[in-house]
A.B. asks: 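Input: one structure, supplied below.
Because only heavy atoms are used, hydrogens play no part in the values below, and waters and symmetry mates are left out as well, while side chains stay in.
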Amino acid sequence: MPRTPRTPHASPDAATAFDRQVSNLIELGYPAASGLDAERFAALLAPLREAAVAATSDPADTADPAGAADPADPATDAAGEPGDEAVTGRVPFVLVVTRSVVPIEETMPRTTLHRGRLPGFVDRSFEPGALERFVATDEVALPGHDAYLVLDVERGEEFCGAVPDDALRTIADRGRTPLTIEEGVALITHFPQVLVKNKCFSLGGSRSGDRRVPALWISQKAPKLGWCWQGNPHTWLGVASAGGRRAAAPAV
């Protein structure tokens with residue numbers, strides 16, 4: 001399957017972009033949802049700041065560095081991020097807070113569409129207890145921390161219309177990894193402009209041992225976390241992936 005070429009753009013400051021993502025989570029009420037005050041919540045994430053700078057300055061890393069823009073730029077959204085993600089479907093890094101800190105049932109209602117007002121939601125097709133069973137697959141190497149970075153993220157619209165299993169094999173052949181549920185929620189939390197009509201995406205990095213593949217799409221003018229069958233292609237649903245993940249460096 002042909003791969004869409006990258007579109008290079010200017011290299012903003014990764015540290016500033018990281019700080020904006022932390023501020024975004026605080027403004028959305030993540031500290032209260034985690035049982036921490038804002039200062040302790042920020043301290044939990046702070047060690048990842050250096051990792052963000054290192055990851056996006058590494059010449060071997062193919063991600064565009066940093067993902068921040070001039071807040072005075074009209075193309076910049078309220079979180080201070082560039083407005084071209086809706087076009088490219090790519091971001092250099094995303095700060096992920098796992099369900100061990102804030103449950104998915106709490107993070108989805110803190111998402112909205114770009115310039116939208118209605119909160120995201122978990123589809124009722126997830127039976128009680130189902131979300132807990134959707135965990136990272138054996139092939140997905142998570143850093144194993146409460147928070148980490150996912151790098152070189154692509155929405156994956158090139159896979160719209162493809163059978164999810166076929167798309168996942170292509171992603172693996174490229175040395176990339178599918179996003180998990182937490183990573184997909186984090187992506188639209190920080191970059192809501194990525195989720196647009198006919199360019200929604202599945203999250204094949206989380207599975208529950210059956211044929212269901214979780215996905216994010218638009219329903220009732222809001223983001224929805226649902227699932228689709230692994231063998232069923234959809235013209236409006238791609239497969240999101242990342243170039244890698246990175247945790248904070250161990251404390252000395």
A.B. asks: What I want to find out is whether D152 reaches R90 closely enough, with some N-O distance under 4.0 Å, to be called a salt bridge.
C.D. replies: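 Between R90 and D152 there is no salt bridge, as every charged N stays at least 4.0 Å from the carboxylate O atoms.
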A.B. asks: If two hydrophobic side chains count as joined below 4.5 Å and joins carry through other members, does I188 share a cluster with L113?
C.D. replies: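 Same hydrophobic cluster.
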A.B. asks: If the condition is salt bridge (charged side-chain N to carboxylate O under 4.0 Å, His left out), which residues does E50 pass it with, not counting sequence neighbours?
C.D. replies: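 Residues passing salt bridge (charged side-chain N to carboxylate O under 4.0 Å, His left out) with E50: none at all.
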A.B. asks: Just to verify, what does D165 make a side-chain hydrogen bond (donor to acceptor under 3.5 Å, both in side chains) with, not counting sequence neighbours?
C.D. replies: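 Testing D165 for side-chain hydrogen bond (donor to acceptor under 3.5 Å, both in side chains), a comparison that skips the adjacent residues, returns none.
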A.B. asks: Write out all pairs satisfying side-chain hydrogen bond (donor to acceptor under 3.5 Å, both in side chains) with one or both partners inside residues 129-141, taking only residues at least two apart or from two chains.
C.D. replies: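 For residues 129-141: E127-R133, T137-E139.
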A.B. asks: Is it true that L131 and V135 fall in one hydrophobic cluster, defined by side-chain heavy atoms closer than 4.5 Å?
C.D. replies: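 In one cluster: no.
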A.B. asks: Hey, could you give me each pair passing salt bridge (charged side-chain N to carboxylate O under 4.0 Å, His left out) that has a residue in residues 179-196? Not counting sequence neighbours.
C.D. replies: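 For residues 179-196, and leaving out neighbouring residues, the salt bridge (charged side-chain N to carboxylate O under 4.0 Å, His left out) pairs sorted by first residue read R99-E182, E183-R245.
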A.B. asks: If hydrophobic residues (ILVMFWY) are linked whenever their side-chain heavy atoms come closer than 4.5 Å, directly or via other members, who joins V213 in its cluster?
C.D. replies: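 Its cluster mates, by chain and number: none.
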A.B. asks: Does one hydrophobic cluster hold both F121 and V194, with members joined at side-chain heavy-atom distances below 4.5 Å?
C.D. replies: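 In one cluster with F121: V194, no.
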A.B. asks: Would you check if there is a donor-acceptor pair between the side chains of R115 and Q193 at a distance under 3.5 Å?
C.D. replies: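 No, R115 and Q193 have no side-chain donor paired with an acceptor closer than 3.5 Å.
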A.B. asks: Output the rest of the hydrophobic cluster of W217: all Ile, Leu, Val, Met, Phe, Trp and Tyr residues reachable through side-chain heavy-atom contacts under 4.5 Å, sorted by chain and number.
C.D. replies: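 Besides W217, the hydrophobic cluster comprises W236, L237, listed by chain and residue number.
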A.B. asks: Tell me if a side-chain donor or acceptor on T180 pairs with a main-chain N or O of S206 at a distance below 3.5 Å.
C.D. replies: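 No, because the side chain of T180 does not come within donor-acceptor range (under 3.5 Å) of the backbone of S206.
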A.B. asks: For R211, enumerate each residue passing the salt bridge (charged side-chain N to carboxylate O under 4.0 Å, His left out) test, keeping only those at least two apart in sequence or located in another chain.
C.D. replies: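 R211: no salt bridge (charged side-chain N to carboxylate O under 4.0 Å, His left out) contacts found.
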A.B. asks: Any pair with a residue in residues 28-43 that passes salt bridge (charged side-chain N to carboxylate O under 4.0 Å, His left out), sequence neighbours left out, goes on the list, sorted by first then second residue, please.
C.D. replies: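 For residues 28-43, and leaving out neighbouring residues, there are no salt bridge (charged side-chain N to carboxylate O under 4.0 Å, His left out) pairs at all.
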A.B. asks: Hey, quick one: are V163 and L179 part of the same hydrophobic cluster, counting side-chain heavy atoms closer than 4.5 Å, chains of contacts allowed?
C.D. replies: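 V163 and L179: separate clusters.
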A.B. asks: If we ignore angles and hydrogens, is there a donor and acceptor under 3.5 Å between the side chains of T98 and D146?
C.D. replies: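 No.
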A.B. asks: Does F134 have any ring pair (Phe, Tyr, Trp, His ring centres under 6.0 Å) partners at least two apart in sequence or in another chain, and if so, which?
C.D. replies: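 F134 satisfies ring pair (Phe, Tyr, Trp, His ring centres under 6.0 Å) with F126 only.
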A.B. asks: I'd like to check the salt bridge (charged side-chain N to carboxylate O under 4.0 Å, His left out) partners of D166; sequence neighbours left out, ordered by chain and number.
C.D. replies: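 Residues passing salt bridge (charged side-chain N to carboxylate O under 4.0 Å, His left out) with D166: R169.
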A.B. asks: What pairs with P164 under side-chain contact (heavy atoms from CB on, under 4.5 Å), at least two apart in sequence or on another chain?
C.D. replies: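 With sequence neighbours excluded, P164 shows a side-chain contact (heavy atoms from CB on, under 4.5 Å) to no residue whatsoever.
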A.B. asks: Which residues pass the salt bridge (charged side-chain N to carboxylate O under 4.0 Å, His left out) test with D210, not counting sequence neighbours?
C.D. replies: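 Result, salt bridge (charged side-chain N to carboxylate O under 4.0 Å, His left out) vs D210: R212.
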